[in-house]
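Quick notes on the structure that follows.
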2 protein chains.
Amino acid sequence: MSRARLKRRPVDIAPVFAALGDRVRLSLLSRLKDGKPQSIVQLAEGFELTRQGVSKHLRVLEQVGVVTSERVGRESQFLLDPSRIHDARSYLDRVSEQWDDALMRLKMHVER
Amino acid sequence: MSRARLKRRPVDIAPVFAALGDRVRLSLLSRLKDGKPQSIVQLAEGFELTRQGVSKHLRVLEQVGVVTSERVGRESQFLLDPSRIHDARSYLDRVSEQWDDALMRLKMHVER
DNA sequence: TCGAATAGCAACCGGGAGGTTGCGTAATGG
DNA sequence: CCATTACGCAACCTCCCGGTTGCTATTCGA
């Protein structure tokens with residue numbers, strides 16, 4: 001069970017967080033997490049934004065790999081890709097974990 | 001002990017992700033996750049930034065509640081607060097979870 | 001076939017983010 | 001006591017982000 005577990009440097013994960021740091025983009029993700037691919041106009045309805053505005057946001061999400069798009073016919077179908085989200089989650093996991101470990105050690109008076 | 005478990009709307013968690021979406025700030029968090037409070041000059045060394053630059057980043061992190069600061073003597077001690085990080089993590093958890101559920105339902109042909 | 005739908009591209013704009021410099025102030029310690 | 005340290009505040013600058021408008025290209029469908 002050699003889990004290679006290759007380490008991702010923080011410099012790589014920052015853009016993912018940046019992409020998630022916008023309420024419009026989070027809402028778009030929320031609309032995509034049901035697994036159904038949707039077009040831009042579908043994703044745009046309900047927002048007080050132009051189609052191009054939504055399109056820009058989708059391209060930001062796509063650039064960091066959180067969503068993927070495929071041109072089918074005259075419309076672009078967008079789909080969520082959870083792998084980067086999983087990366088971000090496990091990064092936060094590691095931070096919390098190390099924090100907990102540090103607290104534990106402090107409480108046990110193991111250091112200093 | 002009625003744990004109200006009040007639900008955080010996505011609109012609230014976006015600023016946390018935005019604060020995490022910067023490599024400098026992620027590095028600062030990485031320096032703070034050992035549980036030891038550190039001053040600004042301590043946190044600033046190693047960066048190719050001014051002290052004020054680092055100070056601005058720290059204030060961004062503090063504003064969203066990821067770190068806390070306390071003035072002790074002539075220096076400000078910064079400490080990590082993992083609660084917001086935990087919030088962000090569980091938000092991503094929910095996204096992944098709903099994605100997995102949706103995939104499962106699709107695979108079982110329960111819908112469509 | 002031809003109008004409507006869907007989307008991409010480019011230009012433009014205002015505001016805020018990231019960063020610096022300069023200065024003032026409180027605490028430290030020799 | 002006084003130079004030094006650590007910090008905050010404010011002004012300033014540049015650049016990118018979020019958003020719009022206008023135009024063009026492609027595809028659908030009646």
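- Cluster annotation: Val41(B) is not connected to Leu61(B) through the hydrophobic network of ILVMFWY side chains, with a link wherever side-chain heavy atoms come within less than 4.5 Å.
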Under-3.5 Å N/O pairs linking protein and nucleotides 3-5 of chain D:
{"unit_1": "dT5(D)", "atom_1": "O2", "unit_2": "Arg74(B)", "atom_2": "NH1", "d": "3.1"}

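- When atom types are taken as modelled, the side chain of Arg25(A) and the backbone of Ala19(A) share a donor-acceptor pair closer than 3.5 angstrom.
- With hydrogens and angles disregarded, a donor-acceptor distance shorter than 3.5 Å links the side chain of Gln38(A) to the backbone of Arg31(A).
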Query - Under 4.0 Å protein heavy-atom contact, by nucleotide of nucleotides 8-20 of chain D - B base, S sugar-phosphate only - result: BB--------SBB
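- Proximity of a side-chain donor or acceptor of Gln42(A) to a complementary backbone N or O of Ser39(A) within less than 3.5 Å is detected.
- The closest side-chain heavy-atom distance from Leu20(B) to Ile13(A) is not below 4.5 Å.
- The nearest heavy atom of DNA chain C to Gln77(A) and to Val72(B) marks one nucleotide each, and the one closer to the 5' end goes with Gln77(A).
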Query raised in the report: What's the verdict on side chain to side chain contact (heavy atoms under 4.5 Å, CB included) for Asp81(A) and Val66(A), showing C-alpha distance, side-chain angles and the deciding distance?
Result: CA-CA 5 Å; Asp81(A) 182 352; Val66(A) 174; over 6 Å; no
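- Side-chain contact check for Ser55(B) and Arg59(B): at least one donor-acceptor pair (N or O, by modelled atom type) lies under 3.5 Å.
- For Ser27(B) (side chain) and Arg23(B) (main-chain N/O), a donor-acceptor pair under 3.5 Å exists by modelled atom type.
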